[in-house]
Amino acid sequence: MRARRSLIDLDDLSANELTYMLSRAAEFEEDDPGHLLAGVGTVNLFFEQSTRTFTSFNLAQLRLGAHVVNLAPGDLSLATKGETIEDTALTLAAMGVGVLVVRHPEAGFTQRVARAFDGHVINAGDGAHAHPTQALLDLRTLRDEFGSLQGRTVVFVGDIVHSRVAHSTINGLRRLGANVVLVGPESFLPESYAQMGVSIERDFDAILPQADAVILLRIQRERFSSMPITDAQYVAEYQLNAARLQRIGPGAIVMHPGPYNRGMELDDTVLEFAGWRYAQQVRNGVFVRMAVLDFLVNGPAVALGA
Ligand code: NCD
């Protein structure tokens with residue numbers, strides 16, 4: 001029997017699996033694949049708020065014909081009755097649940113669930129650690145735009161240190177041959193990131209003309225005990241706005257994993273910019289999650305080399 005696989009971060013996928021997943025998502029967008037997950041029990045456990053990821057997983061599961069149960073943390077015996085997450089996982093598996101989608105504020109929590117659950121676990125974001133399906137949808141959006149990402153320059157701006165999206169997407173971009181540049185103040189972007197094989201740049205204006213894609217990030221205030229820089233300083237140095245859009249090269253695009261904060265990392269002119277790809281990212285999210293669900297439950301549709 002095929003070992004049950006989970007997706008905790010992009011490292012769980014081989015190079016071939018990663019590119020397969022991206023093309024499978026494109027296939028699903030072209031042609032609705034029907035009920036590839038007919039009758040499979042899926043449970044979504046979100047211990048943190050979510051609009052996009054939660055809705056997107058639900059739609060992906062429903063389009064594939066899965067049975068869907070959504071459990072909010074307050075609904076769980078875990079919350080008040082002393083049950084451990086391991087015992088919750090065991091209980092859900094005994095009911096025949098095949099897939100758990102988990103979001104949690106603690107890094108490593110989803111991995112813990114995966115060790116206890118006899119089924120597939122998909123990480124929908126664990127603390128500042130990883131968010132692999134967001135990375136896949138970002139990669140898919142970039143590939144739609146540029147084809148191969150080899151040699152393309154992708155610039156992340158903002159609160160990198162708390163961004164599980166940046167952590168997972170950087171991993172994927174490096175594997176697909178893109179140049180990754182990280183931009184932000186020291187408190188959001190420690191020098192240690194240079195060890196990831198990326199460039200660190202403090203001056204947003206200087207790097208903008210070289211970017212093929214700029215990925216803006218929200219400042220994750222909920223993960224700071226006190227804010228290291230004022231909003232006014234951040235806006236002055238790192239907000240993408242009308243003046244900075246003038247510096248961006250022709251054909252360059254701007255992305256954001258959402259939720260975006262108007263007046264902070266971007267102003268309204270970005271939302272009207274021809275290269276703004278946020279809606280495309282969100283749209284791709286559903287197809288990418290369908291591809292992940294299908295891959296984990298049914299395996300690849302074609303033989304993939306090592
Ligand atoms: C983000 C997340 O929750 O990691 N959004 C998302 O899933 N698309 C980013 C954030 O909260 O700023």
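Order of listing sets the numbers, starting from 1, for every ligand and every atom in it. Values in this document were obtained by computation on a predicted structure and should not be read as measured data.
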- Less than 6.0 Å separating the ring centroids of Y193 and F188?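 So the answer is no for these two rings.
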- Item | Whichever hydrophobic residues join V68 through chains of side-chain contacts under 4.5 Å |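 Members other than V68 - counting any ILVMFWY side chain reachable under 4.5 Å - are L62.
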Just to confirm my output: which protein heavy-atom neighbour is closest to [atom], and how far is it?
atom	answer
atom 9 (C) of ligand 1	G258 O, 3.4 Å
atom 4 (O) of ligand 1	R164 NE, 2.7 Å
atom 12 (O) of ligand 1	R218 NE, 2.7 Å

- Query: With the 4.5 Å side-chain cut-off for hydrophobic clustering, are L208 and L189 part of the same group?
  - Reply: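 L208 does not cluster with L189.
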With a 4.5 Å limit on heavy-atom distance, are the side chains of [X] and [Y] in contact?
X	Y	value
L293	Q61	yes
I122	R289	no
R244	Y238	no

- Item | Heteroatom distance test (P257, ligand 1): nitrogen or oxygen, under 3.5 angstrom |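 Yes - when backbone and side-chain N and O of P257 are compared with those of ligand 1, one distance drops under 3.5 Å.
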- Query: Given R223, Q134, E222, H131, which one has a non-hydrogen atom that is nearest to atom 7 (O) of ligand 1?
  - Reply: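 Looking at heavy atoms only, the winner is H131.
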Atoms in ligand 1 with a heavy atom of [X] nearer than 4.0 Å:
X	answer
Q220	10 (C), 12 (O)
T53	6 (C), 7 (O)
R103	2 (C), 3 (O), 7 (O)

- Query: With a 4.0 Å cut-off on heavy atoms, does E48 reach ligand 1?
  - Reply: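 Heavy atoms of E48 never come under 4.0 Å of ligand 1.
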- Return each pair, listed once, that meets ring-ring contact (aromatic ring centres under 6.0 Å, His included) where at least one residue sits in residues 123-157; pairs must be two or more places apart or across chains.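 Sorted result for residues 123-157: empty, none.
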- Query: Which one holds for V165 and ligand 1: side chain close, backbone close, both close, or neither close, with close meaning a heavy atom under 4.0 Å?
  - Reply: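 Within the 4.0 Å criterion, V165 contacts ligand 1 through side-chain atoms alone.
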